[in-house]
2 protein chains.
Amino acid sequence: MNRKPATAAAPSRAITKEDVARAAGVSHITVSRVINTPEKVAPATRERVEAFISSMGYIPNMLAGGLASRRTRIVAAIVPTISHSIFAETVRGLSEQLSLQGYQLLLGQTNYSEEAETGLVEAFIGRRVDGLVLTGVQHSVRTRQRLKAAGIPVVETWDLTAQPIDMLVGFDNHAAGHAMGQYLHRKGYRRMAFVGGEDPRGLARYAGMRAALLAQSAAEPVHLVMPMGSFLQAGREAICRLLALQPGIDAAFFSNDVLAAGAALECARRGIAVPQRIALAGFANLDIAPEVLPALTTVQISAHQIGLTAAEMLLTRFDGDAVTQTVCDLGYAILERDSA
Amino acid sequence: MNRKPATAAAPSRAITKEDVARAAGVSHITVSRVINTPEKVAPATRERVEAFISSMGYIPNMLAGGLASRRTRIVAAIVPTISHSIFAETVRGLSEQLSLQGYQLLLGQTNYSEEAETGLVEAFIGRRVDGLVLTGVQHSVRTRQRLKAAGIPVVETWDLTAQPIDMLVGFDNHAAGHAMGQYLHRKGYRRMAFVGGEDPRGLARYAGMRAALLAQSAAEPVHLVMPMGSFLQAGREAICRLLALQPGIDAAFFSNDVLAAGAALECARRGIAVPQRIALAGFANLDIAPEVLPALTTVQISAHQIGLTAAEMLLTRFDGDAVTQTVCDLGYAILERDSA
DNA sequence: TTGAAAGCGCTAACAC
DNA sequence: GTGTTAGCGCTTTCAA
């Protein structure tokens, strides 16, 4: 199946603005203008230069351009992992919106490690990205220092805080958890559990739910921490563990829909009536939420919109305009379906 | 919730190698060495310089470095969409492996448009990426020309071809479809359908399945094309359409597990016995495949490994070594479970 | 409307 | 072990 052993290619020398300029009989700056500000070039000259650009297959070196202009037209995004569809959606939104304006997206994954985030932030600053999108509002001191020193536009996402580094688009995780806690309590459930990971946002949702229950003098919810990984399987295991450890439990709020869907699947398999025996609630309103049986009651948020909005904020800044609304609260909504 | 209107920050002037050099009383080249080849610097000098780098918070400008050295340490990946977990897995593998060596990932999405791919390739060449990872083996002439002219290392993924642009890691989609066709036929199913999108790889799987059935003198499979979007829902709709249009149908092979899972969920909902009334087979062995009821028979491939391998190939090239195995066939395997 | 000069911050090649 | 000299390919500012 193999072909010739491939060695490093020999890029003789890439073609430059000078080459095009020489061929077209103008100076390189004119070529530059044809590309960046065509309206400032005489139509005749422009057409001739364009013809040469095209026939010679000239592609401007944006590295050199970026160095000279101090604008790279690159935005970096840092997410815990691209494997979780919520973050994938945010990244998709970002990338789509950014590419409309000729910006490119550099992607970094932290795997939920703050240390990794710090490293990525430094790497991206080193690449002189025009803007940075961070997940969450919790960052190392070093990250904050670097960001401040670099002075580049930053958008934090997926959460809310009173002291954003710069801009922010997200929703109140604590309030969302609180709302679900109230909802479940109102529905008559009294012995609840929260199932999730240990990321700050999941923890905030748990805290919100807990606060809601305590405010109603209801029992404190069981907090079951599951490892991040295959959420579906984790959800199945979680429901088994919950039922075994706390037979009296009557409702479970999961940190995301996939976890909840796994639980629903397991209940179906074991003939456990949902929501009669145990109610299930998810988070995010992912594709899977309405599809399992029973359809999942969940908290609706918009992962994709987070990416879109973050991109818009950044783009506004890049245009030199001031972003008046530096904090964008996208909100959330309890979506009642059949599982709780 | 708003704070001060945010305006473009004033990055007075980023600190450079010169600044550090002056402070440490050495020349800028020594600072450069401390960063890039510390072993070539006297320990005493090194430590002093390192102290200044750290205390001054110096972050090298990789744009300038890249321009001078002609190496950006950036790899670009182009996928149809990051929303489909198979591609997200590939991107995750790529990013993980690359970041181990200090490389960063630029991400582009085509939304299955060849034209978009062409544009992205040009943009990435303009950014002088060190390597490029493409999805599939079908590309515009222009893309091929540009890539050839640029002479940068390229890895095509997710398919196989006799004439790769450069390097290749994937598996034979036609053969995988063929194998599933044979499997289903062997299992006794005779009136089959294929459900998928119109991407080249899905089409190849359909063609393979069709060839297998025709070789057995079995009936030609029905080919149902579903729009890309919410796969779960598309899977549900597909099974409804199939059963309505072709009541005699006894097996359906879906272009991916999510589609198949949607169908399984709908069958469960409507009390349609799987695999007795209709057998269901998926593709990719995603997390969801073993979790639905009945567990999905599918074709196992490794999306994550594709990313890992592509990164390794590229990294080998970057090290100046020749990649002897330019084509890596990761293979596939029929995974028999309960649905077919 | 077009061009010349200067420099963005770094690395490569060669000297000392 | 360390420094000097030249660029890398582009944009910016100013001049014509």
Side-chain angles (χ1 to χ4, degrees), chain A residues 11-50 53 56-74 102 123 125-130 150 320, chain B residues 11-50 52-53 56-74 102 125-130 150 320:
Chain A
S12 50
R13 207 191 103 247
I15 167 166
T16 73
K17 271 194 172 42
E18 276 297 342
D19 300 326
V20 177
R22 216 172 355 247
V26 295
S27 89
H28 69 164
I29 185 65
T30 300
V31 180
S32 190
R33 288 207 183 91
V34 168
I35 292 171
N36 300 318
T37 49
E39 68 281 4
K40 293 187 176 173
V41 178
T45 324
R46 176 169 60 207
E47 275 168 36
R48 194 154 41 85
V49 171
E50 274 167 351
I53 288 179
M56 300 175 74
Y58 170 61
I59 298 183
N61 183 334
M62 300 201 66
L63 227 52
L67 181 60
S69 69
R70 297 159 174 289
R71 302 192 65 194
T72 52
R73 296 189 159 262
I74 290 185
I125 290 176
R127 299 199 180 274
R128 299 299 188 264
V129 298
D130 288 343
Chain B
S12 50
R13 206 191 103 249
I15 167 166
T16 73
K17 269 192 173 42
E18 277 296 341
D19 300 327
V20 178
R22 219 176 348 254
V26 294
S27 88
H28 70 169
I29 191 65
T30 299
V31 180
S32 188
R33 290 207 182 91
V34 167
I35 292 170
N36 300 318
T37 50
E39 69 281 3
K40 293 187 176 173
V41 177
T45 325
R46 177 170 61 208
E47 274 168 38
R48 193 154 42 84
V49 172
E50 274 167 351
F52 276 102
I53 287 178
M56 299 174 76
Y58 170 62
I59 298 183
N61 183 333
M62 299 200 67
L63 227 53
L67 182 60
S69 69
R70 297 159 174 289
R71 302 193 65 196
T72 52
R73 297 190 159 262
I74 290 185
I125 289 176
R127 299 201 179 272
R128 299 299 187 265
V129 297
D130 288 344

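Lettering follows sequence order; numbering is per chain, from 1. Note that this is a predicted model, so its numbers are computed, not measured.
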Distance (rounded to the nearest 0.5 Å) between Thr72(B) OG1 and Met62(B) CE: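 Rounded to the nearest 0.5 Å, the OG1-CE separation comes out at 8.0 Å.
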Once you round to the nearest 0.5 Å, how far does CZ of Arg22(A) lie from OG of Ser27(A)?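 So the gap between those two atoms works out to 12.0 Å.
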Any side-chain heavy atom of Val49(A) within less than 4.5 Å of one from Val41(A)?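 Side-chain contact under 4.5 Å: no.
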Considering only heavy atoms from C-beta outward, does the side chain of Asn61(A) approach that of Arg128(B) to under 4.5 Å?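 A side-chain contact exists here, since the closest heavy-atom pair is under 4.5 Å.
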Which atom of Met56(A) lies closest to which atom of Ala23(A), heavy atoms considered: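 Minimum heavy-atom contact is SD-CB, 3.8 Å.
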Give the minimum heavy-atom separation between Arg48(B) and Gly25(B), together with the two atoms involved.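 Smallest heavy-atom distance, with atoms named: NH1-N, 4.5 Å.
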Nucleotides 4-16 of chain D: protein proximity per nucleotide (B base, S sugar-phosphate only, - neither; heavy atom, under 4.0 Å): B--BBBBBB----
In whole Å, what is the span from the NZ atom of Lys40(B) to the P atom of dT11(C)?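 So the two atoms are 13 Å apart, to the nearest Å.
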By the definition side-chain contact (heavy atoms from CB on, under 4.5 Å), identify the one residue from Ile53(A), Thr30(A), Ile29(A), Val31(A) that meets it with Lys17(A).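 Considering Ile53(A), Thr30(A), Ile29(A), Val31(A), a side-chain contact (heavy atoms from CB on, under 4.5 Å) with Lys17(A) is found only for Val31(A).
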For the helix from dT1(C)-dA16(D) to dC16(C)-dG1(D), how many degrees between its two end axes (five pairs per end), to the nearest 10°? 30°
Using side chain to side chain contact (heavy atoms under 4.5 Å, CB included), reason through Ile74(B) and Arg127(B) one step at a time and then give a plain yes or no. CA-CA 9 Å; Ile74(B) 290 185; Arg127(B) 299 201 179 272; over 6 Å; no
When you check the phosphate oxygens OP1 and OP2 of dG3(D), does a side-chain N or O of Thr30(B) lie under 4.0 Å from one of them?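 For dG3(D), OP1 or OP2 has a side-chain N or O of Thr30(B) closer than 4.0 Å.
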